[in-house]
Amino acid sequence: MSRALSEQEQLRRESLQKLREIGVNPYPAYLFPVDASSSSIKENYVEGKEVVIAGRLMSRRIMGKASFAELQDAEGKIQLYLNRDELCPGEDKSTYNEVFKKLLDIGDFIGIEGKQFKTQVGEISVDVNKLTVLSKALRPLPIVKTDADGKVYDAFADPEQRYRQRYVDLVVNPKVKDTFIKRSRIINAMRDFFNQQDYLEVETPILQPIPGGAAARPFITHHNALNTQLYLRIANELYLKRLIVGGFNGVYEFAKDFRNEGMDRTHNPEFTVLEIYVAYKDYNWMMEFTEQLLEDVTSKVLGSSEVKFQGEVINFKAPFARVPILDAIKTHTGVDVALLSENQLREKCKELQIEVDDTMGKAKLIDELFGEKCEMHYKQPTFITDYPVEMSPLCKKHRENPELTERFELLVNGKELANAYTELNDPIDQLERFQEQLKLSEKGDDEAMFIDQDFIRALEYGMPPTSGMGIGIDRLVMFLTNNTSIQEVLFFPQMRPEKKAVELSESEKTIFELLKQENSIELPILKEKSGLSNKQWDKGIKGLSKHSVVKVEKEDDKLMVKII
RNA sequence: GACUUGCUAGCUCAGCUGGUAGAGCACAUCCCUUUUAAGGAUGGGGUCCAGGGUUCGAACCCCUGGCAAGUCACCA
């Protein structure tokens with residue numbers, strides 16, 4: 001069953017047909033020899049120079065025998081001037097009168113040849129002397145207009161439509177395109193930074209038999225040939241460390257991770273993370289490395305280490321502040337965790353109106369305390385360091401205090417942007433930590449880590465002292481493009497599927513069943529038989545006609561209903 | 001998962017106390033040779049998210065469901 005077409009869609013299909021009838025192929029297969037672009041023309045304007053450009057027709061201002069139009073290519077828009085007698089110098093004016101004025105629509109791809117010139121108002125334009133149809137658009141684009149002051153009218157702004165039909169969003173909202181261009185540049189700048197130091201970009205499995213390296217619920221899938229359960233990775237940490245065991249000096253991966261958890265404006269089920277591991281380094285070195293990386297990336301991509309984000313100015317100029325987590329808690333709550341037992345700490349948390357329960361250990365309490373009372377204070381990039389050992393099962397114990405670890409998180413605008421460790425390379429300690437996690441999992445924590453025996457085996461062969469760091473790329477891009485929603489920095493954020501094909505409603509089914517017995521029946525009799533109320537009958541019979549399932553016909557003054 | 005808000009023409013949105021569904025842009029026909037949110041005249045276009053209920057009558061009231069956004073909860 002085909003979709004009902006709107007009036008505008010029907011007209012465009014008719015235009016498509018007419019183009020073919022007059023010998024114009026609406027979808028030609030040939031290469032179109034573009035030699036300029038909207039931006040190259042504006043940047044290197046030469047009066048009278050011939051150019052060949054292509055793009056979408058985005059607006060038309062027809063004034064009888066001459067017209068202005070806007071062409072949008074990958075870089076932006078440029079104005080076209082079409083003069084009937086220049087475009088059609090002979091007797092046949094059909095390219096202008098028929099093709100351009102009648103059969104083309106906004107959104108169609110066209111190629112043009114013409115001369116650069118400036119209009120009386122001074123706008124750089126192209127005077128068209130040849131026009132080629134490159135691809136006809138059958139659906140109308142939303143029309144977004146911008147006036148001389150940059151004020152936007154009728155913006156295509158509904159988030160649902162924008163995310164579901166990102167292609168449309170990209171065509172009509174230039175800012176959206178900018179965000180994704182920046183995203184690509186950010187990743188390139190990071191890659192350059194790592195490659196300059198001779199770290200190796202690697203790829204590790206997405207389908208993993210044991211989902212390790214983080215505490216999160218995985219997606220589960222099944223491999224038929226192996227007849228085994230596999231998981232989509234929640235992190236790539238354990239694989240990258242295996243490569244350090246294998247002898248690489250530094251490895252990094254821009255990885256898609258998958259977590260089967262809630263979705264909101266900062267969480268998408270699949271997201272991108274950069275993880276990097278460098279041998280013979282510790283977390284102090286990694287802090288300096290991270291600072292330099294972010295200063296370098298912001299300067300290269302934005303031209304400045306200062307980033308405007310939601311009215312705040314965030315400065316990524318190195319060095320960043322460094323605050324041990326217990327100091328942060330003391331500063332913002334007055335609680336000196338080091339002096340308190342677990343129960344005393346739990347009481348303190350209750351006093352501070354933090355929700356706690358008896359299953360929470362000291363680490364979890366500290367985490368809550370920090371998350372609720374401290375995190376939001378760190379707007380400027382700040383390294384929070386030395387987390388409790390229970391929270392960090394893959395991190396080496398602190399060289400001065402075995403209850404803590406050599407870990408830092410980078411907070412920006414109160415949110416975690418990066419996470420790093422001096423990696424745990426003692427295989428016996430690592431196995432014990434995994435076993436601790438197993439106990440948590442037996443207590444019902446469905447996010448506690450699995451024991452990865454092969455990873456332990458790798459560590460038993462020896463891993464050099466190593467520091468590793470991960471950055472949430474989506475969140476970084478959000479900061480650097482001033483977006484508060486992760487959906488704005490993903491081309492295709494996860495959405496619930498759109499509605500399925502229409503099924504028959506109850507009333508429609510009732511009528512259809514009756515009709516199937518007779519094939520053709522008088523309308524009043526059918527209505528009587530159906531036993532439906534007026535409204536149900538009306539909706540039912542109208543629905544069936546609309547779905548082209550039945551037809552109502554007049555025969556000898558009788559209304560007959562027939563199955564089609 | 002809970003709560004709040006929204007869903008009306010291709011797009012952006014009105015639609016009063018329940019009484020024949022509106023505007024701007026877009027579209028169609030006509031006029032217009034340097035315009036620019038071009039202009040002028042005329043016209044067409046609707047599953048009012050879906051289903052059910054109340055009612056003489058529902059875009060509007062009630063119930064159920066769908067999708068989305070925001071807030072909260074959960075969660076790296």
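Protein chains get the first letters and strands the later ones, always in sequence-line order, with residue 1 at the start of each.
Rounded to an integer number of Å, the gap from A:Tyr153 OH to B:C11 C1' is 16 Å. Distance, A:Met391 CE to B:C75 P: 13 Å, rounded to whole Å. Put simply, CE on A:Met58 is 18 Å from P on B:C25, counting in whole angstrom units. A:Lys101 places its NZ atom 15 Å from the C1' atom of B:A38, with the value rounded to the nearest Å. When rounded to the nearest whole Å, the span between CD of A:Glu86 and P of B:U34 equals 12 Å. Rounded to whole angstrom, the span from the CG atom of A:Leu103 across to the P atom of B:C27 amounts to 14 Å. Counting to the nearest Å, the C1' atom of B:U35 and the CD1 atom of A:Ile62 are 12 Å from each other. To the nearest angstrom, P of B:C74 lies 12 Å from CG of A:Asp367.
Listed pair A:Arg162 / B:A69 fails the phosphate criterion, with no side-chain N or O lying under 4.0 Å from OP1 or OP2. Taking only side-chain nitrogens and oxygens, A:Arg61 comes nearer than 4.0 Å to OP1 or OP2 of B:A38. Of the side-chain N and O atoms in A:Arg265, none sit less than 4.0 angstrom from OP1 or OP2 of B:A69. For the pair A:Arg139 and B:G10, the criterion of a side-chain N or O lying under 4.0 Å from OP1 or OP2 is not met. Listed pair A:Lys102 / B:C30 meets the phosphate criterion, a side-chain N or O lying under 4.0 Å from OP1 or OP2. Here A:Lys145 reaches the OP1 or OP2 of B:A26: one of its side-chain N or O atoms lies under 4.0 Å away. A sub-4.0 Å separation between OP1 or OP2 of B:A68 and a side-chain N or O of A:Gln487 is absent. Between A:Arg164 and B:A68, a side-chain N or O to OP1/OP2 separation shorter than 4.0 Å is present. Not one side-chain nitrogen or oxygen of A:Gln8 sits closer than 4.0 Å to the OP1 or OP2 atom of B:G45.
Remark: the separation of the C1' atoms in B:A26 and B:A69 is 26 Å, to the nearest Å. Taking atom C1' in both B:G18 and B:C11, one finds a spacing of 29 Å when rounded to whole Å. Rounded to whole Å, the C1' atom of B:U42 lies 41 Å from the corresponding atom of B:U5. Between B:A41 and B:G24, the distance separating the two P atoms is 11 Å to the nearest Å. For the C1' atom pair drawn from B:U35 and B:U12, the interatomic distance equals 25 Å after rounding to whole Å. Separation of the C1' atoms belonging to B:G46 and B:C27 is 15 Å when rounded to the nearest angstrom. Nucleotides B:C60 and B:G22 place their C1' atoms 15 Å apart, quoted to the nearest Å. Between B:A59 and B:U47, the two P atoms lie 14 Å apart (nearest whole Å).
Place A:Lys364 and A:Glu160 on RNA chain B by their nearest nucleotides, and A:Glu160 ends up nearer the 5' end. Between A:Tyr81 and A:Glu7, the residue anchored closer to the 5' end of RNA chain B is A:Tyr81, taking for each the nucleotide with the nearest heavy atom.
Here the options are A:Asn413, A:Asn483, A:Thr484, the test is side-chain contact (heavy atoms from CB on, under 4.5 Å), and the partner is A:Gln310; only A:Thr484 passes.
Without hydrogens or angle criteria, A:Asn268 side chain to A:Glu270 main chain gives a donor-acceptor distance under 3.5 Å. Not one N or O on the side chain of A:Arg183 forms a donor-acceptor pair closer than 3.5 Å with the backbone of A:Phe491. Looking at A:Asn419, its side chain never comes within 3.5 Å of a backbone N or O of A:Leu410 through a donor-acceptor pair.
A:Tyr163 comes within 4.0 angstrom of sugar-phosphate atoms only, judged by non-hydrogen atoms across all strands, and of no base. At a threshold of 4.0 angstrom between heavy atoms, the contacts of A:Glu123 include nucleobase atoms, whether or not backbone atoms are also involved. At a threshold of 4.0 angstrom between heavy atoms, the contacts of A:Val144 with the nucleic acid are absent. Among the atoms of the strands shown, base atoms are found under 4.0 Å from some heavy atom of A:Asp85. Among the atoms of the strands shown, none is found under 4.0 Å from any heavy atom of A:Arg13. Within 4.0 Å (heavy atoms only), A:Leu141 reaches no atom of the nucleic acid at all.
Within 6.0 Å of CZ in A:Arg61 there are more than 12 heavy atoms belonging to other residues, nucleotides or ligands.
The partner of B:U12, taking Watson-Crick or G-U wobble pairs whose two distances both stay under 3.5 Å, is B:A23.
You'll find that the side chain of A:Ile143 is closest to B:A26, out of B:U34, B:A26, B:C75. Distances were taken from every side-chain heavy atom of A:Asp154 (C-beta onward) to each of B:U35, B:C11, B:A26; the shortest belongs to B:C11. For A:Pro159, whose side chain is taken as the heavy atoms from C-beta onward, the closest listed nucleotide among B:A28, B:A69, B:C75 is B:A69.
Geometrically, A:Arg407 engages A:Tyr387 in a cation-pi contact defined by less than 6.0 Å to the ring centre and at most 45° from the axis.
Under a 4.0 Å N-O distance rule, the pair A:Glu390/A:Lys364 does not qualify as a salt bridge.
Relative ring orientation between A:Tyr252 and A:Phe254 is described as perpendicular, the plane-to-plane angle rising above 60° on a 0-90° scale split at 30° and 60°.
Between the base of B:U35 and the side chain of A:Gln79 there is a donor-acceptor pair shorter than 3.5 Å.
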